[in-house]
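As the structure lists them, so they are numbered: ligands from 1, and atoms in each ligand from 1.
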Amino acid sequence: MSNNGKRVAWVTGGGSGIGEAGAEALASDGWTVVVSGRRKDALQTVVGKISKAGGKAEAIPLDVSRAADVNQAAEQILAGHGRIDLLVNSAGINVPKRSWADMELEGWDKLVDINLNGVLYCMRAVLPAMRRQKDGCIINVASWAGRHVSKMPGPAYTTTKHAVLALTHSFNMDECVNGLRACCLSPGEVATPILKLRPVVPSEEEQARMLQSEDLGRTIAFVASMPPRVCVNEILISPTWNRGFVQTPNNRD
Ligand code: NAD
């Protein structure tokens, strides 16, 4: 299947934070970008920003925890563009009640549905097209918490992100023969809206020392820019001032 130089990326969680920055970086590298997430207005703002900068983008509102809707979104992209070259799974959440002391099953289920099942649903939805193309890249945004167990993110987040890491490697084991590759991108703390869901929200000063969304945007664009022969299996990236290493009062909470 010829693509005449057109490269199509689908970014979930594209309305804010890492997904938004990834979408912008990809668009400025010439990718046609489809951003998905639950908030239509946030997605439209991102599309507007990309279009204003001369890039190509569109929005498909979507809750990634609904498998049928995910399949429908993938079909819509294929109907409109004929291919999907890149999937970036950035949609994800945590909940304030996250420790063993106060976690609720509702929160656990929500995290499993979005952070783990949502990633799988999107991977499965693009797989037939990528196999037909014999080319395709997937970037799953996991977390430092998917590599290292610590108290702050809580058991549900830590477990789902570890599972995303395993899911990514298992994908490469099976799909490398079809020309497909997946990268597990595991950031430490990034100053994005997800931090507002923390029991203790880091101060502005602390957030300024963290990774910024555009750092991850550039990382996503880098992985996506590699030739099909290259599989970047994993990236573990953190702020130089890593609060997991540098003890501060907040990360003991
Ligand atoms: P963010 O809150 O800005 O982005 C998450 C996005 O996912 C939001 O736009 C949200 O609307 C969307 N989303 C949530 N549930 C959804 C659903 N069911 N369907 C579709 N979209 C949904 O925060 P972020 O930091 O950019 O998070 C992006 C990813 O990075 C997440 O998977 C998060 O776990 C991961 N991550 C973040 C950090 C950090 O410190 N910010 C660190 C490591 C990993």
J.: Among all protein heavy atoms in this structure, tell me which lies nearest to atom 31 (C) of ligand 1, with the distance rounded to 0.1 Å.
T.: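 Going by distance alone, atom 31 (C) of ligand 1 is nearest to S90 O, 3.2 Å.
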J.: Report the distance from atom CD of E234 to atom CZ of R147, rounding to the nearest 0.5 Å.
T.: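 Nearest 0.5 Å value for the CD-CZ distance: 4.0 Å.
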J.: How far is atom 18 (N) of ligand 1 from its nearest protein heavy atom, and which residue and atom name does that atom have?
T.: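 The answer is D63 OD1, 2.9 Å.
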J.: Just to check, does S36 reach to within less than 4.0 Å of ligand 1 when the distance is taken from its heavy atoms?
T.: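 Under 4.0 Å: no for S36.
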J.: Heavy-atom contact under 4.0 Å between T12 and ligand 1?
T.: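 It does not; every heavy atom stays at 4.0 Å or beyond.
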J.: Identify the closest protein heavy atom to atom 9 (O) of ligand 1: which residue and atom is it, and at what distance?
T.: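 The closest one turns out to be S16 OG, 2.8 Å.
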J.: Which is it for Y157 and ligand 1 at heavy atoms under 4.0 Å: side chain, backbone, both or neither?
T.: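 The side chain, only.
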J.: Relative to atom 22 (C) of ligand 1, which among G13, A91, G19 owns the nearest non-hydrogen atom?
T.: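 Selected option, by shortest heavy-atom distance: A91.
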J.: For ligand 1, find out whether one of its N or O atoms is nearer than 3.5 Å to an N or O atom of I18.
T.: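 Yes, I18 has an N/O under 3.5 Å of an N/O on ligand 1.
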J.: Just to be sure I'm reading this right: ignoring hydrogens, which of K196, R39, E189, M210 gets closest to atom 11 (O) of ligand 1? Compare them by their nearest heavy atoms.
T.: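 When every heavy atom of K196, R39, E189, M210 is considered, R39 comes closest to atom 11 (O) of ligand 1.
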J.: Backbone or side chain, does any N or O of V190 fall under 3.5 Å from an N or O of ligand 1?
T.: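 N/O-N/O distance below 3.5 Å exists for this pair.
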J.: Among protein heavy atoms, which sits nearest to atom 20 (C) of ligand 1, and what does the distance come to when rounded to 0.1 Å?
T.: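 The answer is L62 O, 3.2 Å.
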J.: Can you report which non-hydrogen protein atom sits closest to atom 32 (O) of ligand 1, along with the distance?
T.: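 Here the nearest protein heavy atom works out to K161 NZ, 2.9 Å.
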J.: Specify side chain, backbone, both or neither for V64, according to which of its non-hydrogen atoms lie closer than 4.0 Å to ligand 1.
T.: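 Both backbone and side chain.
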